[in-house]
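First comes the structure, then the notes that go with it.
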Protein chains: 2
Amino acid sequence: MKYSKQRDMILQYITSSCTHPTAEMVYKDLKEEIPNLSLGTVYRNLDRFVKENLILRIKIPNDKDRFDVNTKKHVHAICTKCGKVTDISLKQIDDLDYCIQDLFKCKVISKSLVFYTICNECDKGGI
Amino acid sequence: MKYSKQRDMILQYITSSCTHPTAEMVYKDLKEEIPNLSLGTVYRNLDRFVKENLILRIKIPNDKDRFDVNTKKHVHAICTKCGKVTDISLKQIDDLDYCIQDLFKCKVISKSLVFYTICNECDKGGI
DNA sequence: TTCCAAAATAGTAATTATTACTATTTTACG
DNA sequence: CGTAAAATAGTAATAATTACTATTTTGGAA
C-alpha cells in the first residue's frame with residue numbers, strides 16, 4: 001500500500017463529515033482542492049475504506065449510496081423533505097435478527113433498514 | 001382505461017405467482033405466450049398495479065425490484081444462496097415506526113427493510 | 001359496420017449510479 | 001537515481017429502469 005494525497009484527503013473529508021455524504025458530494029467538494037481529482041478515485045477509495053471497516057456504506061434503494069464514519073451497528077432515517085440522514089441505534093432493531101432467526105428457522109446474515117421520515121425541523125414548517 | 005391483453009396477462013401472472021418475480025422474469029415467461037411483448041409494457045403495467053395497490057414493489061438495494069401479490073404490511077427475507085424471497089410479518093417490526101417516532105421526534109412515513117439470510121433448505125446442505 | 005380519438009403497445013434511446021479499463025503518473029525501496 | 005508496484009485520471013461499459021415516439025388497439029358513437 002502506497003501513500004496518495006487523494007486517499008489521504010478523501011479519508012480526512014469523510015471522517016470529519018457528519019452529513020453521510022455520497023461519493024459525488026465528496027468528489028465535488030474535494031475537486032476544489034484537487035482540480036484533477038477523478039470520481040473513480042473517490043469510489044475506489046471509499047470502497048477500500050469500507051473493506052477496511054473504517055467507514056460504512058449505506059445502501060438506499062433507488063438512491064445513491066451514502067458513507068458513514070460511524071461504524072457501530074446502526075441504521076438510518078432519511079428525511080423525505082430535506083434529505084438529512086440521521087443515525088438510529090435501538091436494541092429492538094438488533095433484536096429483530098434473533099427473532100427472525102427463531103421464527104423462520106433461517107440464519108440472518110445482515111439486514112438493510114432505512115426509515116423514510118419527516119424530520120423535526122421540516123415538520124415545524126420546513127427549512 | 002382500456003382493455004389490453006398484455007395488461008390482463010401480466011396481472012394474471014403476477015397474482016398467481018408466489019416467487020416475488022422481477023419485471024424481467026414476468027417478461028421472459030410471458031414472452032413465450034406473447035412473442036412481441038415489450039419489457040417496457042411489463043414495467044409500465046407493474047407500476048400501474050403498484051399505484052392501484054393491487055401489488056407491492058419490493059425495493060432491494062443494488063438489485064432488481066421484485067413484485068409481491070401480498071399487499072398486507074410486511075417485509076422480506078432474501079436467501080443469499082438461492083435467492084428465494086420470503087414474506088415476514090411481525091408485530092415488533094410494525095412497532096418500530098412508533099418507537100422511532102417517539103424517540104427521534106420525527107414522522108415515520110415508511111421504511112425499507114430486507115433481511116439477508118441463509119434459508120432453512122440452503123443451510124441443510126443447500127439446493 | 002365504420003370512423004375516430006383516446007389509450008396502449010413495441011421498440012429504441014436516454015438516464016443514473018457505479019464499476020471496469022487503460023494509459024499515465026506517483027511512490028518508495030534498493 | 002532507477003525501477004517496479006501501486007495509484008490515478010479520464011473514458012468506456014454496465015445494468016436496471018424510465019422516457020420517447022411511431023404504430024396499433026380499443027370501444028363508443030355516427
Earlier contact from the 5' end, DNA chain D, for Arg7(A) and Lys31(A): Arg7(A)
Any N/O pairs under 3.5 Å between the protein and nucleotides 11-18 of chain D? List them or say none.
from	atom 1	to	atom 2	distance (Å)
dT17(D)	OP1	Asp65(B)	N	2.6
dT17(D)	OP1	Asp65(B)	OD1	3.2
dT17(D)	OP2	Tyr43(B)	OH	2.4
dT17(D)	O5'	Tyr43(B)	OH	3.3

Whole-Å distance separating the CZ atom of Phe49(B) from the C1' atom of dA8(C): 12 Å
Contacts of type side-chain contact (heavy atoms from CB on, under 4.5 Å), residue Thr80(A), not counting sequence neighbours: Tyr116(A), Ile118(A), Ile109(B)
Where at least one partner belongs to residues 24-33 of chain A, residue pairs that pass salt bridge (charged side-chain N to carboxylate O under 4.0 Å, His left out), sequence neighbours excluded: Glu24(A)-Lys64(A)
Contact under 4.0 Å: Arg48(B) side-chain N or O vs dA8(C) OP1/OP2: yes
N/O donor-acceptor pair under 3.5 Å between Arg66(B) side chain and His20(B) backbone: yes
Residue list, side-chain hydrogen bond (donor to acceptor under 3.5 Å, both in side chains) with Thr22(A), at least two apart or on another chain: none
Residues which pass salt bridge (Lys or Arg N to Asp or Glu O under 4.0 Å) with Glu52(A), listed by chain and number, not counting sequence neighbours: Arg48(A)
Qualifying residues under salt bridge (Lys or Arg N to Asp or Glu O under 4.0 Å), relative to Asp65(A), sequence neighbours excluded: Arg57(A)
Between protein and nucleic acid, restricted to nucleotides 26-30 of chain C and to nitrogen or oxygen atoms under 3.5 Å apart, what atom pairs and distances do you find?
from	atom 1	to	atom 2	distance (Å)
dT27(C)	O2	Lys2(A)	NZ	3.0
dA28(C)	OP1	Tyr3(A)	N	3.3

Touch class at under 4.0 angstrom, heavy-atom based, for Arg44(A) against every strand present: base
Whole-Å gap separating P (dG11(C)) and CD1 (Ile34(B)): 12 Å
Side-chain hydrophobic cluster, 4.5 Å single linkage: members besides Tyr98(A): none
Residues touching DNA chain C, which here means a heavy atom under 4.0 Å, drawn from residues 9-18 of chain A: none
Minimum heavy-atom distance between Leu56(A) and Asn70(A), given as atom pair plus value: CD1-O, 3.4 Å
Connected-component partners of Met9(B) among ILVMFWY, side-chain separation under 4.5 Å: Ile10(B), Leu11(B), Tyr13(B), Ile14(B), Val26(B), Tyr27(B), Leu30(B), Ile34(B), Leu37(B), Leu39(B), Val42(B), Tyr43(B), Leu46(B), Phe49(B), Val50(B), Leu54(B), Ile55(B), Phe67(B)
Gln6(B) side-chain N/O to dT25(D) phosphate OP1/OP2 under 4.0 Å: no
Pairs flagged by salt bridge (charged side-chain N to carboxylate O under 4.0 Å, His left out) wherever residues 94-120 of chain B is involved - sequence neighbours left out: Asp123(A)-Lys107(B), Lys91(B)-Asp95(B), Asp97(B)-Lys111(B)
Any Asn36(B) side-chain N or O less than 4.0 Å from OP1/OP2 of dT24(D): no
Those residues that, when tested against His74(B), pass ring pair (Phe, Tyr, Trp, His ring centres under 6.0 Å) (two or more places apart): His76(B)
